[in-house]
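Small disclaimer: the values here were computed from a predicted structure and weren't measured.
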Amino acid sequence: MEKVQWYLDWQFWSSIAAFLALILSQFPPLRVLLRKGKLTVEKYGMMYVSHGIGCPHANLFLIFKNEGGKTINVHSIDMVLTRKNANGFVLKGTGYIS
């Protein structure tokens, strides 16, 4: 049996082609995994404002969507309410529904 040079062997080149196909097939998933987390916020059109014995309450419905590849943690939500020509005040987000 005659010894064939490595660069003329079809099995060598088919294994190289298979390896390249494997690497190239992983590019789209890698692109998704390497993306940063992207948070989008949608709000409902109306808001409910009330108070109970001087304690203000505001109900605003928000929808958070993670459109990125990594997880995102939301630690707190603050709402600043202001009137024209007046100082605003901050309401801390205290509840959520998932």
At what distance, to the nearest 0.5 angstrom, does CG of Asn66 lie from OG1 of Thr71? 7.5 Å

With sequence neighbours excluded, residues passing salt bridge (Lys or Arg N to Asp or Glu O under 4.0 Å) with Glu42: Lys65

Measure the CD1-CG distance between Ile77 and Leu91 for me, rounded to the nearest 0.5 Å. 12.5 Å

Would you say that Tyr48 contacts Ser50 through its side chain, given a criterion of any heavy-atom pair below 4.5 Å between the two side chains? yes

So do the side chains of Leu39 and Phe64 get within less than 4.5 Å of each other, counting heavy atoms only? yes

Any side-chain heavy-atom pair of Leu22 and Leu24 under 4.5 Å: no

dist Leu8:CG -> Lys3:NZ (nearest 0.5 Å) comes out at 12.0 Å

Quick check on the hydrophobic clustering: are Phe61 and Val41 connected, directly or via other members, by side-chain heavy-atom contacts under 4.5 Å? no

Tyr44 atom OH, neighbour heavy-atom count above 12 within 6.0 Å: no

Would a hydrophobic clustering, with Ile, Leu, Val, Met, Phe, Trp and Tyr connected at side-chain separations under 4.5 Å, put Leu20 with Phe12? yes

Leu81 side chain near Met47 side chain, heavy-atom distance below 4.5 Å: yes

According to salt bridge (Lys or Arg N to Asp or Glu O under 4.0 Å), who are the partners of Lys38, at least two apart in sequence or on a separate chain? none

In Å and rounded to the nearest 0.5 Å, what is the NZ to CD1 distance from Lys43 to Ile63? 11.5 Å

To the nearest 0.5 Å, how far apart are CG in Asp9 and OG in Ser15? 8.5 Å

From CG (Asn59) to CE (Met79), nearest 0.5 Å: 8.5 Å

